[in-house]
Amino acid sequence: LPIYWLLVHGDSPVELLLDENPFEVGLAAAVTLEKGCFLGQEPLSRMFHRGKPRYFLYQIVSEEDIPEQFFLSNENIGKTMFHVKHEGLHYTLGTIKS
């Protein structure tokens with residue numbers, strides 16, 4: 001899990017995930033669609049049943065610094081959400097379009 005490394009090292013970006021869709025950031029297990037009504041339940045339910053989130057959260061580990069935006073053939077396909085450098089490696093959490 002990308003969050004695990006950051007939690008262990010005390011660099012938790014949990015506040016970054018508060019406004020994100022749980023299905024897009026790997027937190028689907030934290031949501032139950034069967035337990036009453038809650039704000040945002042309908043869009044989450046549609047996404048769950050259609051099975052196609054817009055983005056997915058990835059952890060990128062690199063010796064090089066990671067840019068703030070990700071491009072493929074000059075098209076913006078994602079962004080960096082959090083970045084930390086530890087023992088010469090760059091650990092980045094980023095969302096990339098599905």
Requested in this report: Keeping the roles fixed (side chain from Thr80, backbone from Pro67), state whether a donor-acceptor pair exists under 3.5 Å.
Outcome: yes

Report summary line: Residue set satisfying side chain to side chain contact (heavy atoms under 4.5 Å, CB included) with Ile60, at least two apart, ordered chain then number -> Ile66, Phe70, Thr92

**Report entry** Partner set under side chain to side chain contact (heavy atoms under 4.5 Å, CB included) for Asn76, not counting sequence neighbours
**Finding:** Gln69, Phe71

Query raised in the report: Excluding sequence neighbours, so at least two apart, what forms side chain to side chain donor-acceptor pair (under 3.5 Å) with His90?
Result: His83

Query raised in the report: Side chains of Leu57 and Tyr55: does their closest heavy-atom pair fall under 4.5 Å?
Result: no

Query raised in the report: What do you reckon, is NZ of Lys97 surrounded by more than 12 foreign heavy atoms closer than 6.0 Å?
Result: yes

